[in-house]
Trainee: 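First the structure, then my questions, so here it is.
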Amino acid sequence: MDGYLGIIVIVAIVAILAVGGLWLLFRPKAKDLPPAPPAPPQPTAPVTEEPAKAGLGEEDGGTTTTLPPPAPPLEELIKAPEIEVPPPSAGRMVRLRSRLARSQNVLGRGLLELLSRDHLDDEVWDEIEETLITADVGVAPTRAMVEELRTKVKVLGTRTPEEVRKLLREELLAQVAPDLDRTLHTQPHGEKPAVVLVVGVNGTGKTTTTGKLARVLVGDGKKVVLGAADTFRAAATDQLQTWGDRVGAGVVRGPEGGDPASVAFDAVAKGIEEKADTVIIDTAGRLHTKTGLMDELGKVKRVIEKKAAVDEVLLVLDATTGQNGMRQAQVFAEVVNVTGIALTKLDGTAKGGIVISVQRELGVPVKLVGLGEGPDDLAPFDPEVFVDALLGD
Ligand SMILES: Nc1nc2c(ncn2[C@@H]2O[C@H](COP(=O)(O)OP(=O)(O)O)[C@@H](O)[C@H]2O)c(=O)[nH]1
Ligand SMILES: [Mg+2]
């Protein structure tokens, strides 16, 4: 046995020497070494260095290893969005009225100037008519207004600027229909949240309006769930997610290219489960020419209705698109029962008259107006503030 042991020891020693020698021969020279990689980040959570701080070490007599309270995961610290509280929605249109400057210059000032002229001959009346048509007031409302104004001006005879202003204010207001019910149905009923379905053509501002509206509601103390039923583009879902994160509203999303109706259904289910006040469903911009897509919108609505009533179907219309937008609106109105209009981009157009024509042609009130790209640039529509803004101070 001793012999064997001796041999094993010798073999082992030889092997070690051989390996060591080989390493000496072939070890890389310092200058061949690649640059040292950057030092890995040091773990930030101290483990045992300051046990006293954890408040446990001393009582235990230091016999056990104490751990500090678990730190939240780093990703959570980085990602946690700051929830913003928006200003109240009441009085917003007053604050944003200067955004109507373009419409004011063309429609308000233009008409005031024309109506203040000493002699209102046919040519001037043609100009008045043209001004109204150009501002998208629509043919029928324009005719009605011109006729009314003609009669009243005749009665007045000579007019002071105050009289002209009052006259025009009355006429515009009558056309904007101040008595329409513009209540946005966002109140929960019974055990169920209100459901708002947001529809409209691509690029009109549906997602933006959904986000802004969520902000308004959360600011008013409501709990809101958003449904990202525009599943055609992942970017659309992310866009809505950003809004949800900002205001603190949960977002229900589906896979890209998934079934929009099932996302809408899940969002409403989550809203019911979490006792939310309002669920807002953002949809894809369905072109009215694509029958299949419009059918799909009808399906989204029917599927939601298996869970809860749809309280508001908000048609988002881009004010800058004029008569073209109006035709699209009519097709939407045929597929889903539109209950309110959100008229966006009123800040970027001289065609404020679209408020009048869209209401008249669809028989649906403008409930919200978009007056800019900022998160708080959405206002409940107020006819008097609107008309006063057009006429200027
Ligand atoms: N100036 C202005 N831009 C708006 C308004 N509402 C939306 N937008 C812009 O319109 C673009 C399209 O909006 P988005 O919500 O993505 O439209 P969607 O395709 O219908 O969802 C974005 O650049 C928005 O910032 C508005 O009231 N005023
Ligand atoms: Mg969108």
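No experiment lies behind these values; they were computed from the predicted model shown. Note that ligands are numbered from 1 as they come in the structure, with each ligand's atoms numbered from 1 the same way.
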Trainee: Heavy atoms only, cut-off 4.0 Å: how does V201 contact ligand 1, side chain, backbone, both, or neither?
Mentor: backbone
Trainee: Taking atom CD of E305 as the centre, does the number of heavy atoms from other residues, nucleotides or ligands within less than 6.0 Å exceed 12?
Mentor: yes
Trainee: Nearest protein heavy atom to atom 8 (N) of ligand 1, by residue and atom, and its distance?
Mentor: K345 CE, 3.8 Å
Trainee: Is the Mg ion (ligand 2) less than 2.8 Å from at least one N/O/S atom of T210?
Mentor: no
Trainee: Any heavy atom of G372 closer to ligand 1 than 4.0 angstrom?
Mentor: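 True for this residue.
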Trainee: Could you check whether any heavy atom of G203 sits closer than 4.0 Å to an atom of ligand 1, since that is the contact criterion I want to use?
Mentor: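 In this structure, G203 qualifies as a contact of ligand 1 - some heavy atom is under 4.0 Å.
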Trainee: Using every non-hydrogen atom in the two residues, find where F381 and V369 come nearest and quote the distance to one decimal.
Mentor: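 Looking at all heavy atoms of both residues, the closest pair is CD1-CG1, 3.6 Å.
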Trainee: Give the minimum heavy-atom separation between L346 and A319, together with the two atoms involved.
Mentor: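 That would be CD2-CB, 3.9 Å.
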Trainee: Do R97 and Q104 have a side chain donor and acceptor closer than 3.5 Å?
Mentor: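 Looking only at side-chain atoms, Q104 and R97 do not form any donor-acceptor pair under 3.5 Å.
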Trainee: Near R143 CZ, under 6.0 Å, is it more than 12 heavy atoms from other residues, nucleotides or ligands?
Mentor: no
Trainee: Checking the N or O distance criterion of under 3.5 Å, is ligand 1 in contact with K206?
Mentor: yes
Trainee: What are the atoms of ligand 1, with element, lying closer than 4.0 Å to any heavy atom of N202?
Mentor: 19 (O)
Trainee: Look at atom 16 (O) of ligand 1 and say which protein heavy atom is nearest, naming residue and atom and giving the distance to 0.1 Å.
Mentor: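 Going atom by atom, the protein heavy atom closest to atom 16 (O) of ligand 1 ends up being Q239 NE2, 3.1 Å.
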Trainee: Return the option from E373, R233, K212, R99 holding the heavy atom at the smallest distance from atom 23 (O) of ligand 1.
Mentor: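 Selected option, by shortest heavy-atom distance: E373.
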Trainee: Does this structure show an ion pair linking D318 with K345, if we count only N-O contacts that are shorter than 4.0 Å?
Mentor: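 Salt bridge between D318 and K345, a charged N being under 4.0 Å from a carboxylate O: yes.
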Trainee: Pick one of side chain, backbone, both or neither for how L371 approaches ligand 1, counting any non-hydrogen atom pair under 4.0 Å.
Mentor: backbone
Trainee: Check R99 with D377, please: is the shortest side-chain N to carboxylate O separation under 4.0 Å?
Mentor: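 Salt bridge between D377 and R99, a charged N being under 4.0 Å from a carboxylate O: yes.
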Trainee: Tell me whether D230 contacts the main-chain N or O of F232 through its side chain, where contact means a donor paired with an acceptor under 3.5 Å.
Mentor: yes
Trainee: Please tell me whether D282 and T207 have a donor and an acceptor in their side chains that are separated by less than 3.5 angstrom.
Mentor: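 Looking only at side-chain atoms, T207 and D282 do form a donor-acceptor pair, the distance falling under 3.5 Å.
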Trainee: Can you list the ligand 1 atoms lying under 4.0 Å from a non-hydrogen atom of G370?
Mentor: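 Per the distance check, 27 (O).
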Trainee: Do NZ/NE/NH1/NH2 and the carboxylate oxygens of D266 and R253 come within less than 4.0 Å?
Mentor: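 Salt bridge absent between D266 and R253.
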Trainee: Could you tell me whether T207 and ligand 1 have an N or O pair separated by under 3.5 Å?
Mentor: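 Yes: some nitrogen or oxygen of T207 is under 3.5 Å from one in ligand 1.
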Trainee: Nearest heavy atom to atom 13 (O) of ligand 1 wins, so pick from T283, T208, T349.
Mentor: T208
Trainee: Considering heavy atoms of the protein only, find what lies nearest to atom 17 (O) of ligand 1 and give residue, atom and distance to 0.1 Å.
Mentor: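 Of the protein heavy atoms, G205 N, 3.1 Å lies nearest.
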Trainee: Nearest protein heavy-atom contact for atom 1 (N) of ligand 1: which residue, which atom, what distance?
Mentor: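 Here the nearest protein heavy atom works out to D347 OD2, 2.8 Å.
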Trainee: Should T344 be counted as touching ligand 1, given the test is an N or O pair under 3.5 Å?
Mentor: no
